[in-house]
Amino acid sequence: METTLSPPKGKKGRTGAALFLSPAVLILLVWSLIPLALTLWYSFQNYNLVDPTLSGFAGLDNYRYLLTDPDFVWALLNTVLLVLGVLVISVGGGVLLAVLYDQDFLGRGIARILVISPFFVMPTVSALVWKNLMLHPIYGVYSAMMRAVGLTPIDWLQHYPMQTVMMIVAWEWLPFAVLILLTAVQSLDHEQKEAARMDGAGPVARFRYIILPHLSRAITVVIMIETIYLLTIFAEIWVTTSGGPGVASTNLAFLIYARALLQFDVGGASAGGVIAIVIANVIAAFLVRAVARNLEA
Amino acid sequence: MTGSKRKFARIAIGTIGWVVALWIFFPILWMVLTGFKSEMDAISTPPHLFFTPTLESYHEVFAQADYWHFTFNTVLMSVFATGGALALAVPAAYAMAFYPTRRTRTTLLWMLSTRMLPPVGVLVPVYLIARSTHLLDTTLGLGIINLLTNLPIIVWMLYTFFKEVPVPILEAGRMDGASRWQEITVVLLPLALPGIASTALLSLILCWNEAFWALNLTSSRAAPLAAFIASFSSPEGLFFGKLSAASTLAVAPILLFGWFSQKQLVRGLTFGAVK
């Protein structure tokens with residue numbers, strides 16, 4: 001099918017279209033460029049909110065200081081780990097659960113609603129609930145369960161900070177993946193599945209050769225949207241571990257926050273911001289290109 | 001024989017389905033239950049599943065903070081941000097979907113990449129700009145930020161929906177002499193309505209739950225529910241009843257809204273993925 005409108009009024013049609021596009025482009029340009037320019041400017045300055053004697057042009061000092069800081073490497077690593085870990089859990093689990101909730105069983109509608117509920121819960125609340133009500137080493141439900149079977153409760157956030165944060169974030173985003181993938185599974189032609197069954201394809205073969213290929217576009221959508229949010233995870237870390245112990249659960253977003261607001265080092269925080277923006281754009285370039293290809297195919 | 005085997009499989013799948021669903025939902029359920037416990041019950045070990053419900057915690061929460069004020073701020077901000085973003089995104093997505101140029105894809109990718117920029121990276125300049133324009137701690141200021149951060153995703157979603165609209169229908173409208181304005185409002189929007197509705201729903205949910213800018217750009221006047229909950233978090237960590245009651249209050253409206261609009265949300269969220 002032809003996907004573009006034949007321009008009705010020749011060149012005028014296109015100019016009109018450009019006019020339609022420009023407000024959104026302009027406002028995003030302003031939004032992305034002005035703060036970016038200012039951040040770039042601060043990143044080359046000595047600028048500390050509590051030490052006014054420190055001022056003037058800093059050259060590359062802020063960057064040098066940051067890039068040689070072991071904390072920075074950890075934060076970078078944690079950022080990547082968090083994104084990948086949550087993607088694997090939510091997409092993998094999402095596919096399985098989508099197939100599960102596509103099956104017919106008693107009360108399926110209610111079960112589905114329960115499963116997608118965590119997506120509607122604000123990140124601060126989910127982090128607070130997990131930290132205090134679920135995983136608290138003394139009062140938490142999970143600790144009580146461990147005691148009930150004779151195990152010693154673990155202070156999860158103390159001993160496995162990154163894994164625990166990852167788990168909480170995955171709890172928030174798995175439902176989103178289920179929401180999208182379930183619709184995609186349901187849109188699959190039932191006759192096709194039936195035909196495969198008739199031909200003697202077992203459940204595994206049907207999953208591998210019919211369901212999974214059908215889901216590829218939906219999976220791309222999930223990866224796309226989740227990555228955008230996972231790169232900038234902040235509230236969950238802020239509420240649960242404050243990046244600690246040490247920098248064990250500090251991602252880039254939190255490191256910059258800690259620099260800017262806890263150490264009042266605007267220059268250093270801005271340098272971190274610039275680096276984070278560069279990384280985000282590199283990832284965006286790769287990801288969005290892959291996604292765009294998959295979505296247009 | 002095969003009949004009973006199938007029945008068994010169905011029961012097994014149903015059991016797994018329900019166990020998984022309850023396990024995933026459990027933290028929310030427990031939060032709601034704990035909100036109705038006395039503080040003593042809330043921290044009893046082992047935790048009580050059965051208890052005498054009390055509104056103690058809710059009374060305390062309402063006495064400590066003006067819940068309705070926070071809720072009003074949140075609703076106003078979310079509606080403003082979503083409406084504003086849609087108003088900008090509909091024409092943009094229309095232009096990109098039906099008049100693509102060589103730059104269209106690059107523009108779309110660039111828009112999405114602005115969304116990947118960590119908010120904290122530009123916090124300082126945005127804070128300073130908001131302060132000098134008197135937008136600090138205003139619903140308008142926070143609304144504008146949410147509008148801007150959601151705009152790329154909204155444009156992208158609308159773009160994918162619009163691409164699904166068969167071009168001949170638009171052309172037929174044009175043959176009948178529809179102006180561009182009519183083409184959009186009379187032909188395109190009704191056809192893409194399910195998609196637009198789910199885009200709006202997603203945007204409302206994201207605005208409601210946004211915490212970073214809410215915490216950093218508002219203090220009292222314009223603070224939304226994300227800030228409301230933060231005020232109950234750290235110093236009162238061990239008042240689980242109160243914390244749970246406040247959490248339930250902050251989450252309940254959007255959770256109920258999500259439940260009711262779930263079908264609509266799903267219908268549009270999958271874009272062209274469902275084909």
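Reminder, nothing fancy here: chain letters follow the sequence lines and each chain counts from 1. Source: prediction; values computed, not measured.
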So which part of B:I254 gets closer than 4.5 Å to some heavy atom of chain A, the side chain, the backbone, both or neither?
both
Which of the residues B:A21, B:A93, B:P27, B:A92 is involved in the greatest number of heavy-atom pairs with chain A at under 4.5 angstrom?
B:P27
Taking all heavy atoms of A:L174 and all of A:G93, pick out the closest pair and write down the distance.
CD1-C, 3.6 Å
Look at the side chain of A:Y139 and the backbone N and O of A:N132, then say whether any donor-acceptor pair between them is shorter than 3.5 Å.
no
Max heavy-atom pair count under 4.5 Å with chain B, selected residue of A:V115, A:L133, A:V129, A:L100
A:L133
When you measure from the side chain of B:E210 to the backbone of B:A214, do you find a donor-acceptor pair of N or O atoms at a distance under 3.5 Å?
yes
Sub-4.5 Å side-chain heavy-atom contact between A:W31 and B:I145
yes
Can you find a pair of side-chain heavy atoms, one from A:D104 and one from A:R108, that are under 4.5 Å apart?
yes
With chain B, the option among A:L231, A:L97, A:T39 that has the most non-hydrogen atom pairs under 4.5 Å is A:T39
Identify which part of B:I11 has an atom lying under 4.5 Å from any heavy atom of chain A, answering side chain, backbone, both or neither.
neither
Given a strict heavy-atom distance threshold of 4.5 Å, which part of B:V126 is in contact with chain A: side chain, backbone, both, or neither?
side chain
Segment of B:A211 engaging chain A (4.5 angstrom heavy-atom cut-off):
side chain
Below 4.5 Å from any heavy atom of chain A, which atoms of B:I129 appear? Answer side chain, backbone, both or neither.
side chain
Max heavy-atom pair count under 4.5 Å with chain B, selected residue of A:W238, A:Y42, A:Y229:
A:Y229
Under 4.5 Å from a heavy atom of chain A, the part of B:L29 involved
neither
Quick one: what part of B:W208 sits under 4.5 Å from any heavy atom of chain A, side chain, backbone, both or neither?
both
With heavy-atom distances below 4.5 Å as the criterion, would you say the side chains of B:L201 and B:F257 are in contact?
yes
B:I205 portion near chain A, given a 4.5 angstrom heavy-atom threshold
side chain
Using non-hydrogen atoms and a 4.5 Å limit, figure out which bit of B:S244 sits close to chain A: side chain, backbone, both or neither.
side chain
Could you tell me which portion of B:L151 (side chain, backbone, both or neither) has an atom closer than 4.5 angstrom to a non-hydrogen atom of chain A?
side chain
Answer with side chain, backbone, both or neither: which region of B:M31 has an atom nearer than 4.5 Å to a non-hydrogen atom of chain A?
both
Pair count under 4.5 Å, heavy atoms only, with chain B: among A:L38, A:V141, A:V266, highest is A:V141
Heavy atoms, side chains only, cut-off 4.5 Å: are B:L188 and B:E183 in contact?
no
Considering only heavy atoms and a distance below 4.5 Å, find which of A:S22, A:S143, A:A24, A:P23 pairs most often with chain B.
A:A24
Counting heavy-atom pairs under 4.5 angstrom with chain B, the leader among A:V25, A:T232, A:L114 is A:L114
How long is the span from the OH atom in A:Y142 to the CZ atom in A:R147, to the nearest 0.5 Å?
15.0 Å
Compute whether any side-chain donor of one residue and acceptor of the other, for B:W259 and A:S117, lie under 3.5 angstrom apart.
yes
Pick from B:A246, B:P91, B:A87, B:A89: which one has the most heavy-atom pairs with chain A under 4.5 Å?
B:P91
In terms of heavy-atom pairs under 4.5 Å with chain A, the winner among B:A250, B:P119, B:A95, B:P125 is B:P125
What I'd like to find out is whether the side chain of A:I237 reaches to under 4.5 Å of the side chain of A:Y257, using heavy atoms alone.
no
Which bit of B:S247 comes within less than 4.5 Å of chain A, counting heavy atoms only: side chain, backbone, both or neither?
both
Under 30°, 30 to 60°, or over 60°: which ring-plane class applies to A:F20 and B:Y94, parallel, tilted or perpendicular?
tilted
With side chains defined as the heavy atoms from C-beta onward, is the minimum distance between A:Y101 and A:V185 less than 4.5 Å?
no
Counting only N and O atoms by type, is there a donor-acceptor contact under 3.5 Å from the side chain of B:N150 to the main-chain atoms of B:L206?
no
